[in-house]
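Heads up: the structure comes next, in structure tokens.
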Amino acid sequence: MLTLNQIRENTPEVLEKLKKKNFNGQEIITSILDTDKKRRNLQFELDSKQSELNDLSKKIGELFKTGKKDEAQVIKQKTIGLKEEIKLLGEEFDQTGNELRDLLIQVPNLPHHSVPPGKGSADNVVVKSGGEKPRLPEDAMPHWELGKKYEILDFDLGTKLTGAGFPLFKGKGAKLQRALIGFFLDENEKAGYTEFSPPLMVNEDSGFGTGQLPDKEGQMYHITMDNYYLIPTAEVPVTNIYRDVILDANDFPIRNTAYTPCFRREAGSYGKDVRGLNRVHQFDKVEIVQIQHPEKSYEALEEMVNHVEQLIIKLELPYRIVKLCGGDMSFTSALTYDFEVFAAAQNKWLEVSSVTNFESFQANRLKLRFRDDVTKKTQLAHTLNGSALALPRIVAALLENNQTEKGIMVPLVLRAYTGFDVIS
RNA sequence: GGAGAGAUGGCAGAGUGGUCUAAUGCGGCGGUCUUGAAAACCGUUGUACCUUUAGGUACCGGGGGUUCGAAUCCCUCUCUCUCCGCCA
């Protein structure tokens, strides 16, 4: 959520930036400014009346104390009309406040100046690539067939237990999952991230804080009986730790990491790259989150990008880093780098991480602030997050790229975690 | 699931209808003293919004109500603690 100050003080600039995100904000920004003005006028009126009533009440109190009941009765009469006015004004004020909020949450975050223009994924910019695409044997298989062949991955049983998109890993497949999680967490810890193991369900406030609610409500599994949501990413609990928090400037940087299963309904995406592990309803992911000083958040973003890149390099996967264009970025993002690895048997690039600086967009919803050392005033912090890394597509690429006549070779860095070198 | 108690500032903790503009203590910050530090003493110490020389309004777990006036009374929800039951 943008702040009113951002919109009030730089209206033309805001409109210009929104255009880059393919969002025509002219109409909504105008009504935000109007509604804001209206709300402020109402507040001034309401505050004045309230102040008047408070004065009268004090007087009545004094008169009662000194026994002048008749005079008190006279003043009491005066408060009747005033109270009615305050009630009506209060209702209008609250309503206007709600209208303003409803408008504000519809405006996407402003893109960073370096975000490339563009309408969709075709306009994203590959900023770096690395690793080598493997040469596969003649009879190379996609990962869903490899999973069957080596009995490590069973989609049919997952469907039996739950439904489509809930894969079941078994034997060395299950152990590979555990190895990857351990490897990622250890690497993140070495890079200065503190490990968390958060709740997998969150309440409405948390869903709102990181921006999943209300707009992406249909993408989360909702436990209606208790009004909880299954988390679509660890970002939600791990960032909401800092909801309604005022940090000290020297608390920065905060670096957190967490492994969690992630649950996504993926409504509306049926039939689009959904084979095998490419798109599933439940998957494992290790997430990194940073809370930073506004002046340092882009440094932090680069640091996170470098860190994620190192993880992929250590897994020996061919990859590319993509800077998302204005039209392809998420609603909440100011700047996003996607990481894609190449799954050779499918001949496809699969997104395995999305590293984003939200600037103060989430912080404003979260009321996540810090106290400025110099001015002693509170100010919104910046939040960032990224996957380090999401497992299923990494597994897909590992299985496909590392298949040999002898079986699937486990990357060197994982062998201490798996306890085996090859899946055969 | 049943019964009871409770939720007040960074923390502890008083306040049960009218200077509450929230006591007091601890902590934090500034100062005096000191070679320096500690102790002692003095001062200061929440958030947000409106208007801005100065003010004003709201906030005592959330929401609603009674009243001229609510931290205080009533209703309701959430959470915490104690005991019982069930259970990994």
Side-chain angles (χ1 to χ4, degrees), chain A residues 1-9 32-105 197-209 213 222-229 237 240-252 254 360 363-381:
Chain A
M1 187 160 68
L2 298 178
T3 64
L4 276 169
N5 279 342
Q6 274 175 297
I7 295 172
R8 263 201 304 246
E9 287 161 23
I32 285 173
L33 290 171
D34 290 347
T35 311
D36 173 45
K37 187 117 193 248
K38 184 179 167 197
R39 200 186 84 103
R40 279 193 286 165
N41 288 336
L42 282 168
Q43 182 175 355
F44 182 71
E45 233 181 301
L46 180 63
D47 284 358
S48 310
K49 301 275 184 203
Q50 191 65 252
S51 175
E52 212 178 308
L53 181 66
N54 287 347
D55 284 344
L56 290 178
S57 292
K58 256 176 221 167
K59 250 179 230 163
I60 292 171
E62 281 163 27
L63 290 171
F64 264 112
K65 258 190 199 165
T66 49
K68 298 174 182 167
K69 287 194 178 165
D70 295 344
E71 285 181 52
Q73 285 302 333
V74 174
I75 298 178
K76 249 196 204 183
Q77 287 303 315
K78 280 201 216 167
T79 64
I80 294 170
L82 199 54
K83 273 181 64 167
E84 188 57 30
E85 280 182 84
I86 287 170
K87 199 185 162 197
L88 292 175
L89 272 172
E91 280 166 11
E92 202 183 347
F93 177 72
D94 289 345
Q95 197 194 322
T96 310
N98 289 338
E99 278 169 30
L100 185 59
R101 199 196 83 139
D102 289 347
L103 289 169
L104 275 172
I105 61 175
S197 185
L200 305 182
M201 294 183 200
V202 293
N203 59 28
E204 249 179 305
D205 285 346
S206 295
F208 179 81
L213 293 175
H222 188 188
I223 288 97
T224 51
M225 207 178 269
D226 299 289
N227 200 23
Y228 293 152
Y229 294 86
N240 271 283
I241 293 169
Y242 305 95
R243 172 154 48 82
D244 281 318
V245 166
I246 300 174
L247 297 163
D248 279 331
N250 58 21
D251 290 332
F252 295 130
I254 290 172
S360 60
N364 190 31
R365 285 175 163 235
L366 291 160
K367 295 196 178 69
L368 163 51
R369 292 156 293 172
F370 69 99
R371 195 172 304 284
D372 190 289
D373 268 346
V374 183
T375 64
K376 302 290 175 199
K377 298 237 165 138
T378 61
Q379 196 183 330
L380 292 173

Rounded to whole angstrom, note down the [atom1] distance from [N] over to [M].
N      : M      : atom1 : result
B/rG30 : B/rU57 : P     : 33 Å
B/rU78 : B/rG10 : P     : 26 Å
B/rU51 : B/rA14 : P     : 41 Å
B/rU72 : B/rA23 : C1'   : 15 Å
B/rG62 : B/rU8  : C1'   : 15 Å
B/rU21 : B/rG69 : P     : 15 Å

Pick base, sugar-phosphate or nothing for [X], based on heavy-atom distances below 4.0 Å to the nucleic acid.
X     : value
A/S48 : nothing
A/N54 : sugar-phosphate
A/I60 : base

Going 5' to 3' along RNA chain B, which nucleotides are the first and last within contact of chain A (any atom under 4.0 Å from a heavy atom)? B/rG18 to B/rG69
Interatomic distance, CG@A/L2 vs CD1@A/I105, rounded to 0.5 Å, equals 12.0 Å
Specify the residues of residues 84-102 of chain A, ordered by number, for which at least one heavy atom lies under 4.0 angstrom from an atom of RNA chain B. none
Please determine, for [N], whether a Watson-Crick or G-U wobble partner exists with both distances under 3.5 Å, and give it or none.
N      : answer
B/rC26 : B/rG10
B/rA88 : none
B/rU57 : B/rA48
B/rC83 : B/rG2
B/rU34 : none
B/rG17 : none

Could you go step by step and tell me if A/N98 and A/R101 meet the side-chain hydrogen bond (donor to acceptor under 3.5 Å, both in side chains) rule? CA-CA 5 Å; A/N98 289 338; A/R101 199 196 83 139; 5.7 Å; no
When A/Q50 and A/T79 are each assigned the nearest nucleotide of RNA chain B, the 5'-most assignment goes to A/Q50
For A/R369 and A/L46, take the nucleotide of RNA chain B holding the closest heavy atom to each; which residue's nucleotide lies nearer the 5' end? A/R369
Can you check salt bridge (charged side-chain N to carboxylate O under 4.0 Å, His left out) on A/R371 and A/D248, steps first, answer last? CA-CA 5 Å; A/R371 195 172 304 284; A/D248 279 331; 5.3 Å; no
Under 4.5 Å between any side-chain heavy atoms of A/L82 and A/E52, yes or no? yes
